[in-house]
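Encoded as structure tokens, the structure appears first; notes follow it.
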Amino acid sequence: MEHCFTFIWLLMLSCTCLVLAIGTVHNDLDRSHFQSRTHDKRVGIIHDTLSGLGARVQHGEHQGRHPIESSNKVNYQQNEMSPLVASSPSDDIIYIRNFTGWLTVVPLGQIGNQMFQYATLVGIANVTHRKPFITVNMRLKHAFKLSAPTSTFPKKERRKLLVKVPFERSLLQQDESINMIWGFFNSWFYFTHVRDQVVREFSFHDSYVNTARSFLRENTKGGGDTATFVGVHVRRGDYLKWLSSNQAYEAGPDYIETAMNYYRARYDNPLFVVCSDDIEWCKAHILTTNHDILFSDVGFTGEEDMALLVQCNHSIMTQGSFGWWASYLAPGEKVYFTDYFKPNARQLRLGFNFVYKYPPHWIGIGPDDIFTKSLN
């Protein structure tokens, strides 16, 4: 009987991905201009991967709701944890006596990477029927209303599993011999079955939301009521070195202009809200005569920039996990830079596939789609 339910859930999830991917492209000629080259291949990979999972999954929405509209949250109450959990002198940290039935993740990198790690933790805990917790050095609770508790985790209790590939399906079938997963997990496949929960988990604390909304109101007086906000995240900094060493194209000004023109052709009054780790570069290279670009150069933290991007109606990302999550959490359409690895790039030889990184209803613009080419 259990295997029967598993099969039904997997079939429903696979069908959802198929319908979503097919409908998204064929219902819109503008979108198909960018997506047709890889659509059929990606739908096949999604179907094969999800159908092949031997884990029990819950059905989830792929589009989801805007996180601001979501108020329900999974809470781990004290009585649910007993007798595994003892009282702690801190309201923020619990003490777990026995780690059987619990699962955590090693926090690596900055906010975007840690969001992938937390979302994967939630997805794996769901299908393996365990409770997720985080360790004290994960930074996400400062910005988000996470429901997983924080606990210390003695080294002698840790049984790690290192994952080096973008998507490892066997991770969804782990037994309780592993209580800590370790990797970057840059794939939506790990948590697509709990998408609504993940979106709720990444609801910003009210102070971040209020700051973002205030910024938009103050900078759009006189025309903000009719504007369609498009969040644009431009990743530069040390990521440029990674692109160079991995034989990848940069999502430069030509790509950004092409993505903006996509929205200009579809909406009457788009206003592009640009956030970046190098905002001065953006102001020098992202040019317009339409007076439709707003730069976030007020000294926001990374979390504040993401909260601002999530408040927008639609999204443009260049590269990197930060922009990915800003797009994932925002409503509306999402445009991303695809097919950016050069031929024979190391990542392609290692098995990287864009289908594992970007959901099928997102709009991919690749080097061949950019109207003015200046790629090296």
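Throughout, numbering of the chain's residues begins at 1 and tracks the sequence.
For an aromatic pair to be called close, the ring centres must be under 6.0 Å apart, and Trp362 with Trp324 satisfies this. Centroid-to-centroid, the aromatic rings of Phe144 and Tyr118 stay 6.0 Å apart or farther. Taking the six-membered ring for Trp, Trp102 and Phe99 have ring centres at least 6.0 Å apart.
Side chain to side chain, Arg213 and Asn210 fail the donor-acceptor criterion of an N or O pair below 3.5 Å. Residues Asn313 and Thr228 bring no donor and acceptor atom of their side chains to less than 3.5 Å of each other. Between the side chains of Ser296 and Asp305, at least one donor-acceptor pair of N or O atoms lies under 3.5 Å. Side-chain contact of Glu333 with Tyr262: a donor-acceptor pair under 3.5 Å is present, judged by distance alone.
For the pair Leu103/Leu121, a side-chain contact is recorded, criterion being any heavy-atom separation below 4.5 Å from C-beta on. Residues Leu243 and Gln319 form a side-chain contact, since some pair of their non-hydrogen atoms from C-beta on lies under 4.5 Å apart. Leu216 is listed as a side-chain neighbour of Phe229, based on a closest heavy-atom distance under 4.5 Å. In this structure, the side chains of His193 and Asn126 come closer than 4.5 Å at one or more pairs of heavy atoms. In this structure the side chain of Val230 never reaches within 4.5 angstrom of the side chain of Cys312, judged on heavy atoms. Residues Val234 and His285 fail the side-chain proximity criterion, which asks for heavy atoms closer than 4.5 Å. Using a 4.5 Å heavy-atom threshold, the side chains of Glu303 and Thr211 count as separate. Here the side chains of Leu309 and Phe322 are in contact, with some heavy-atom distance below 4.5 Å.
Distance alone, capped at 3.5 Å, is enough to place a donor-acceptor pair between the Asp175 side chain and the Ser177 backbone. Here the side chain of Arg159 pairs no donor or acceptor atom with the backbone of Met180 at under 3.5 angstrom. No donor-acceptor pair under 3.5 Å is formed between the side chain of Thr135 and the backbone N or O of Val106. Of the possible polar contacts, one joining the Lys141 side chain to the Ala148 backbone as a donor-acceptor pair under 3.5 Å is found. Using modelled atom types, one side-chain atom of Lys334 and one backbone atom of Ala330 make a donor-acceptor pair closer than 3.5 Å. Asn353 places a side-chain N or O within donor-acceptor distance of the main-chain N or O of Val355, the cut-off being under 3.5 Å. Proximity of a side-chain donor or acceptor of Arg349 to a complementary backbone N or O of Asn344 within less than 3.5 Å is detected. Remark: side-chain polar atoms of Asn219 are paired, donor with acceptor, to backbone N or O of Phe215 under 3.5 angstrom. At distances below 3.5 Å, not a single donor-acceptor pair connects side-chain atoms of Thr318 with backbone N or O atoms of Ala251. A donor-acceptor contact shorter than 3.5 Å links the side chain of Glu168 to the backbone of Ser170.
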**OP:** Take Leu161 and Leu171 through the side-chain contact (heavy atoms from CB on, under 4.5 Å) test and state the conclusion after the steps.
**Re:** CA-CA 9 Å; Leu161 175 66; Leu171 190 60; 3.6 Å; yes
Subject >> Test side-chain contact (heavy atoms from CB on, under 4.5 Å) applied to Phe153 and Thr104, step by step >> reply: CA-CA 9 Å; Phe153 197 18; Thr104 193; 3.6 Å; yes
Original post:
Is there a side-chain contact (heavy atoms from CB on, under 4.5 Å) between Val273 and Val232 once you walk through the steps?
Top reply: CA-CA 6 Å; Val273 182; Val232 183; over 6 Å; no
**OP:** Check step by step if side-chain contact (heavy atoms from CB on, under 4.5 Å) holds for Leu108 and Asn113.
**Re:** CA-CA 7 Å; Leu108 302 169; Asn113 287 321; 5.7 Å; no
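Applying the salt bridge (charged side-chain N to carboxylate O under 4.0 Å, His left out) test to every pair with at least one member in residues 309-321, sequence neighbours left out, gives no pairs at all.
Aromatic ring pairs are classed by plane angle as parallel below 30°, tilted from 30° to 60° and perpendicular above 60°; the pair Phe341 and Phe352 is perpendicular. Aromatic ring pairs are classed by plane angle as parallel below 30°, tilted from 30° to 60° and perpendicular above 60°; the pair Tyr340 and Tyr358 is perpendicular.
Residues Ala345 and Asn246 share a closest heavy-atom pair of CB-O, 3.7 Å.
Screening Trp182, Phe184, Tyr190 for a side-chain contact (heavy atoms from CB on, under 4.5 Å) involving Val163 leaves a single residue, Tyr190. When each of Phe116, Phe167, Phe185 is checked for a ring pair (Phe, Tyr, Trp, His ring centres under 6.0 Å) with Tyr356, only Phe167 meets the rule. Considering Gln197, Arg200, Glu201 as possible partners of Ser147, the one that fulfils the side chain to side chain donor-acceptor pair (under 3.5 Å) test is Glu201. A ring pair (Phe, Tyr, Trp, His ring centres under 6.0 Å) with Phe337 holds for exactly one of Tyr255, Tyr249, Phe354; it is Tyr255.
Taking His205 as the reference, nothing meets the ring-ring contact (aromatic ring centres under 6.0 Å, His included) condition, with sequence neighbours excluded. Residues passing the salt bridge (charged side-chain N to carboxylate O under 4.0 Å, His left out) test with Asp268: none are found, sequence neighbours excluded.
Note that OG of Ser151 is 10.0 Å distant from CD1 of Ile134, once rounded to the nearest 0.5 Å.
Between Arg264 and Glu257 there is a salt bridge, since a side-chain N of the basic residue sits under 4.0 Å from a carboxylate O of the acidic one. Of the charged side-chain nitrogens involved, none lies within less than 4.0 Å of a carboxylate oxygen, so that Asp278 and Arg235 do not count as a salt-bridged pair.
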